[in-house]
Amino acid sequence: MAVATSIFRNVLDRRHSLPVRHAPGRVRRICPLRPSAPRSKTSSWAEQSVGLQNGHWSHRVGEPASDPLVTRTPHCGHSASDSTCHLLVSSSDLEVKIPTVNGIVSIDGMVVPAGEARVSVFDRGFLYGDSVYEVVRTYDLALFELGLHLARLASSAERIALSLPWTADRFDREVRRVVEASREADAPDPAAAPWNLGECSVRIVVTRGSGELGLDPGLAVEPTVVLIAVPLRGPPLAAYREGVAAWPFGGPGAPRRGGDPAAKTGEHLFHVLAVREARAHGAQEALLLDGAGSVTEGASSNVFAVRGGALETPPLGVGILAGVTRAVVLDIAGRLGIPVRERPLPLAGLESADEAFLTSTVREVLPVVRVGDRPIGPAAPGPVTRRIHAAFREAAGGGHKPGKAPASV
Ligand SMILES: Cc1ncc(COP(=O)(O)O)c(C=O)c1O
């Protein structure tokens with residue numbers, strides 16, 4: 001690496017290009033496409049460094065025809081004396097498949113409408129899920145527990161050895177800025193829970209950044225920070241009144257989830273497939289089972305059972321995300337005098353519970369009335385769940401406008 005550092009000079013134009021490694025003294029021509037033929041196994045790393053310059057691949061010209069990089073660049077057929085590559089289109093002509101989303105995005109501190117937000121295809125978040133993230137939400141457009149979310153972002157980043165490019169203060173300021181800029185809410189949804197109307201959620205994503213292709217994290221030069229503020233879409237009011245179904249996923253003999261469950265990272269395929277299966281069975285959330293068949297957490301939530309008036313929930317030690325809402329609920333239970341038992345939760349134990357609920361930033365406290373094909377208790381939201389949710393609504397009401405009572409179920 002020390003040799004590479006002495007040979008190459010890293011250049012980074014954060015707005016339009018990727019890191020470029022220049023070999024001093026080489027004459028280069030800009031060309032948008034990579035050589036199509038495989039590289040010689042014997043060529044050195046210096047010879048292989050067909051880098052990116054101002055967003056274009058470059059290759060050397062004016063060098064002996066035997067130069068492997070010159071002889072193996074027939075991709076666009078332009079001659080050495082013609083500097084125009086006719087396969088190039090302007091980036092403004094590119095039709096990027098971006099869904100119509102009402103929102104505001106900040107990329108490395110530059111705020112743009114959601115439909116205009118772009119990051120590089122060489123970003124490791126896109127290529128490898130090499131990123132950490134958080135989801136925060138507002139109540140009356142005031143951010144709820146932003147400090148706890150930023151602390152967890154820092155912890156997740158540390159767990160994957162990613163250096164956050166901003167201080168917590170800067171994250172705090174920039175998140176507030178996108179919330180401020182995203183005042184344009186969706187048209188009111190008559191089915192929405194009232195506490196979600198006009199609110200927004202902000203996804204904070206930090207990727208290890210862009211670089212040449214390869215798993216080596218050292219190829220990334222500088223992290224990318226993306227903040228996505230969109231109108232909040234929580235479960236509809238009916239889901240709180242009637243409860244939802246959850247579907248178990250994984251368990252003994254099934255493929256295991258990858259990565260560190262305590263870090264909130266972009267590695268999501270296991271969770272995506274879990275939710276796919278849950279949706280295929282008409283369930284709102286997937287419950288992730290460990291190798292012993294115990295429920296650890298939801299695909300994007302923590303799980304609680306209620307038995308004999310006490311809460312049961314898996315401890316952090318079984319390998320789950322330390323949910324911010326979970327922590328608020330544990331605090332509420334303590335204040336209400338509701339006993340809590342943090343211990344492994346076998347699937348059969350959840351199925352035989354009196355009540356069950358999920359917690360997450362966007363769901364708050366959501367009653368679960370069916371797990372797999374089995375009803376939980378009388379298949380209706382239970383009194384302990386309702387009590388805890390009502391207390392949560394009060395706690396979240398801290399951000400409510402003066403004189404406005406927190407909305408309840
Ligand atoms: C795997 C997982 N567990 C639990 C949660 C709930 O965490 P929080 O309450 O902080 O939103 C999430 C949230 O997305 C999650 O992804």
Name each donor-acceptor pair under 3.5 Å that joins a side chain in residues 319-336 to protein atoms two or more places apart or in another chain, with its distance.
| residue | atom | partner | partner atom | Å |
| --- | --- | --- | --- | --- |
| Thr325 | OG1 | Ser360 | O | 3.4 |
| Thr325 | OG1 | Thr361 | N | 3.1 |
| Arg326 | NH2 | Pro314 | O | 3.0 |
| Arg326 | NH2 | Glu342 | OE1 | 2.7 |

* If you look only at pairs with a residue in residues 375-387, which of them pass as a side chain to side chain donor-acceptor pair (under 3.5 Å), with sequence neighbours excluded? -> Glu355-Thr385

* **Lys/Arg-Asp/Glu bridge criterion (N-O < 4.0 Å) met for Glu134, Arg203** => no

* Note, Leu213 side chain near Phe122 side chain (heavy atom, < 4.5 Å) -> yes

* Asked: Are Arg177 and Glu174 close enough for a salt bridge, meaning some N to O gap below 4.0 Å?
  -> yes

* Asked: Under the side chain to side chain donor-acceptor pair (under 3.5 Å) test, which residues partner Arg343, sequence neighbours left out?
  -> Glu312

* By ring-ring contact (aromatic ring centres under 6.0 Å, His included), which residues pair with His271, not counting sequence neighbours? -> His268

* Taking the six-membered ring where the residue is Trp, are the ring centres of Trp195 and Tyr240 under 6.0 Å apart? -> yes

* To do: Decide yes or no for Leu164 and Val206: does some side-chain heavy atom of the first lie under 4.5 Å from some side-chain heavy atom of the second?
  => yes

* **ring pair (Phe, Tyr, Trp, His ring centres under 6.0 Å) contacts in which one or both residues fall within residues 305-334, not counting sequence neighbours** => none

* Structure fact -> ring pair (Phe, Tyr, Trp, His ring centres under 6.0 Å) pairs touching residues 283-318, sequence neighbours excluded, are Phe304-Phe357

* **salt bridge (Lys or Arg N to Asp or Glu O under 4.0 Å) partners of residues 242-251, not counting sequence neighbours, each pair once** => none

* Asked: Restricting to pairs with a member in residues 201-227, which pass ring pair (Phe, Tyr, Trp, His ring centres under 6.0 Å), not counting sequence neighbours?
  -> none

* Asked: With sequence neighbours excluded, what pairs up with Asn302 under the side chain to side chain donor-acceptor pair (under 3.5 Å) test?
  -> none

* Asked: Does Leu288 reach the side chain of Arg257, with side-chain heavy atoms less than 4.5 Å apart?
  -> yes

* Interatomic distance, Arg176 atom CZ to Glu180 atom CD [nearest 0.5 angstrom] -> 11.0 Å

* To do: Give every residue pair that meets the salt bridge (Lys or Arg N to Asp or Glu O under 4.0 Å) criterion with at least one member in residues 271-291, sequence neighbours excluded.
  => Glu285-Arg363

* **Flag side-chain contact, heavy atom, 4.5 Å: Leu153 against Phe171** => yes

* Asked: Please, which pairs that meet side chain to side chain donor-acceptor pair (under 3.5 Å) have at least one residue in residues 155-166, sequence neighbours excluded?
  -> Arg159-Asp260

* Heavy atoms, side chains only, cut-off 4.5 Å: are Leu150 and Ile204 in contact? -> yes

* Asked: Is it true that Asp130 and Arg208 make a salt bridge, defined as a side-chain N closer than 4.0 Å to a carboxylate O?
  -> yes

* Structure fact -> For Thr296, the side chain to side chain donor-acceptor pair (under 3.5 Å) test, sequence neighbours excluded, returns none

